[in-house]
Visitor: 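Sharing a structure below in structure tokens format, with a few things to ask.
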Number of protein chains: 2
Amino acid sequence: MAYQEIFSALADPTRRQIFEHLRDQPKTVGELAKGQTVSRPAVSQHLRVLQDAHLVSVQPQGNRRLYSIKREGLKELRDYLDCFWSDAFSAYRAEIAKVMDEKGKE
Amino acid sequence: MAYQEIFSALADPTRRQIFEHLRDQPKTVGELAKGQTVSRPAVSQHLRVLQDAHLVSVQPQGNRRLYSIKREGLKELRDYLDCFWSDAFSAYRAEIAKVMDEKGKE
DNA sequence: TTTCTTGGTAAGCCATAACTTACCGTAAGT
DNA sequence: ACTTACGGTAAGTTATGGCTTACCAAGAAA
């Protein structure tokens, strides 16, 4: 359904780098821009795209905005990939994934 | 490493549709083009990109070329996604995936 | 209340990528 | 041998998307 946005969001190398930087911990726009060669507005625009793809989320904290990874988009992507394993293991995999998602929420 | 090619290969909607059409069974270029609104050369070009991303493979059969899905690229992508589940379940997931790949090869 | 920081948005530029038509090589069919 | 089917490649066009600078709004700090 929303594969389009997710795939194209992660297709850009700069955007993927930003996304990866969020893997360790939530960061502000300024922090993210510091690790990038592109300008801060560019980072803002990338974050917008990632947000639309449900790959990151924000919480404003006074002056700044703290971005963090949101696994929702990733989960969708994983489900998409899974349906290319057409054998019985696909279902098995899906089940495992489901269980782990539950755990992951804690 | 080669995430770039894989992500951008699947980011294009037409290309993804072609890829999905191969899910059921291997097909020739003509067959794939028939299900598409774009021209046959366009399909050829898309297949080239998918091939570079290790998402499809070809075997020539006389006059025609039979394209089929190659899970190598998908596997790489899945591994990439897995490393965003940073908890202990990531390792577990990876193990499961490995086992299932082995099984899948049969 | 100024001033500085933080960050989103607008406008415009430019490179890339997806498409087209035209062409060519090769294998089958007649 | 000729013709038709199949499909890859070249060249050119156009739209999209990633970048920049400039600008603006809102919260801290002075």
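Computed over heavy atoms, backbone and side chain alike; hydrogens, waters and symmetry mates excluded. So you know, we letter chains A, B, ... as the sequences are listed, proteins then strands, and number each from 1. The model shown is predicted, which means the values in this text are computed figures rather than measured ones.
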Visitor: May I ask you to verify if any side-chain N or O of A/Tyr67 is less than 4.0 angstrom from the OP1 or OP2 atom of C/dG8?
Guide: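 Yes, A/Tyr67 has a side-chain N/O under 4.0 Å of OP1/OP2 on C/dG8.
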
Visitor: Starting from the C-alpha separation in whole Å, work towards a yes-or-no answer on side chain to side chain contact (heavy atoms under 4.5 Å, CB included) for A/Val29 and A/Arg40.
Guide: CA-CA 7 Å; A/Val29 180; A/Arg40 186 197 46 75; 4.0 Å; yes

Visitor: In whole Å, what is the span from the CD atom of B/Gln59 to the P atom of C/dA27?
Guide: 17 Å

Visitor: Using a 6.0 Å distance limit plus a 45 degree cone around the ring axis, check whether A/Arg23 lies over the aromatic ring of B/Phe84.
Guide: yes

Visitor: When the distance from CZ of A/Arg64 to C1' of C/dG8 is rounded to whole Å, what number comes out?
Guide: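 So the two atoms are 16 Å apart, to the nearest Å.
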
Visitor: Is there a donor on the side chain of B/Gln45 or the base of C/dT20 sitting less than 3.5 Å from an acceptor on the other?
Guide: yes

Visitor: Does B/Arg40 reach a base, just sugar-phosphate, or nothing at all? Heavy atoms under 4.0 Å.
Guide: base

Visitor: Quick one: how far along DNA chain D does chain B reach, first to last nucleotide 5' to 3', anything under 4.0 Å to a heavy atom?
Guide: D/dA5 to D/dA10

Visitor: Which comes earlier along DNA chain D counting from the 5' end, the contact point of A/Ser8 or that of B/Leu66, where each point is its nearest nucleotide?
Guide: B/Leu66

Visitor: If you check every side-chain atom of A/Ser44, which of C/dT6, C/dT21, C/dG8 has the closest atom?
Guide: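 Of C/dT6, C/dT21, C/dG8, C/dG8 is nearest to the side chain of A/Ser44.
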
Visitor: Should B/Gln36 and B/Gln17 count as side-chain neighbours, where that means a heavy-atom distance under 4.5 Å?
Guide: yes

Visitor: Residues of residues 27-38 of chain B with any non-hydrogen atom less than 4.0 angstrom from an atom of DNA chain D: list those, numerically ordered, please.
Guide: B/Thr28, B/Val29, B/Gly30

Visitor: Ignoring backbone atoms, test whether B/Arg15 places a side-chain nitrogen or oxygen under 4.0 Å from the OP1 or OP2 oxygen of C/dA18.
Guide: yes

Visitor: Is there a side-chain contact between B/Gln51 and B/Ser57 (heavy atoms, below 4.5 Å)?
Guide: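 With C-beta onward as the side chain, the pair stays apart.
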
Visitor: Nearest-nucleotide wise, let me know which of A/Asn63 and A/Thr14 is further upstream toward the 5' end of DNA chain D.
Guide: A/Thr14

Visitor: Could you tell me the separation between the CZ atom of A/Phe7 and the C1' atom of C/dA17, rounded to a whole number of Å?
Guide: 18 Å

Visitor: Compare side-chain N and O positions of A/Arg65 against OP1 and OP2 of C/dG8 and report whether any pair is under 4.0 Å apart.
Guide: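 Looking at the OP1 and OP2 atoms of C/dG8, one of them is under 4.0 Å from a side-chain N or O of A/Arg65.
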
Visitor: Would you mind reading off the distance between B/Asp12 atom CG and C/dA17 atom C1', rounded to a whole angstrom?
Guide: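 Atom-to-atom, B/Asp12 to C/dA17, this comes out as 9 Å.
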
Visitor: B/Tyr80 vs B/Phe7 aromatic rings, parallel, tilted or perpendicular, using cut-offs 30° and 60°?
Guide: perpendicular

Visitor: Check for me, please, whether A/Ile6 and B/Leu81 land in the same ILVMFWY cluster - side-chain distances under 4.5 Å, paths through other members count.
Guide: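 Same hydrophobic cluster.
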
Visitor: Going only through I, L, V, M, F, W and Y residues with side-chain contacts under 4.5 Å, is there a path from B/Val58 to B/Val56?
Guide: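 B/Val58 and B/Val56: one cluster.
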
Visitor: Looking at every heavy atom in both B/Phe19 and B/Leu74, which two are closest together, and how far apart are they?
Guide: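 In this case the closest contact between B/Phe19 and B/Leu74 is CZ-CD1, 4.0 Å.
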
Visitor: What's the CD-C1' distance between A/Gln51 and C/dG8, to the nearest Å?
Guide: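 Distance, rounded to whole Å: 11 Å.
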
Visitor: Indicate, with yes or no, if B/Tyr3 and B/Val49 share a hydrophobic cluster defined by side-chain heavy-atom contacts under 4.5 Å among Ile, Leu, Val, Met, Phe, Trp and Tyr.
Guide: no

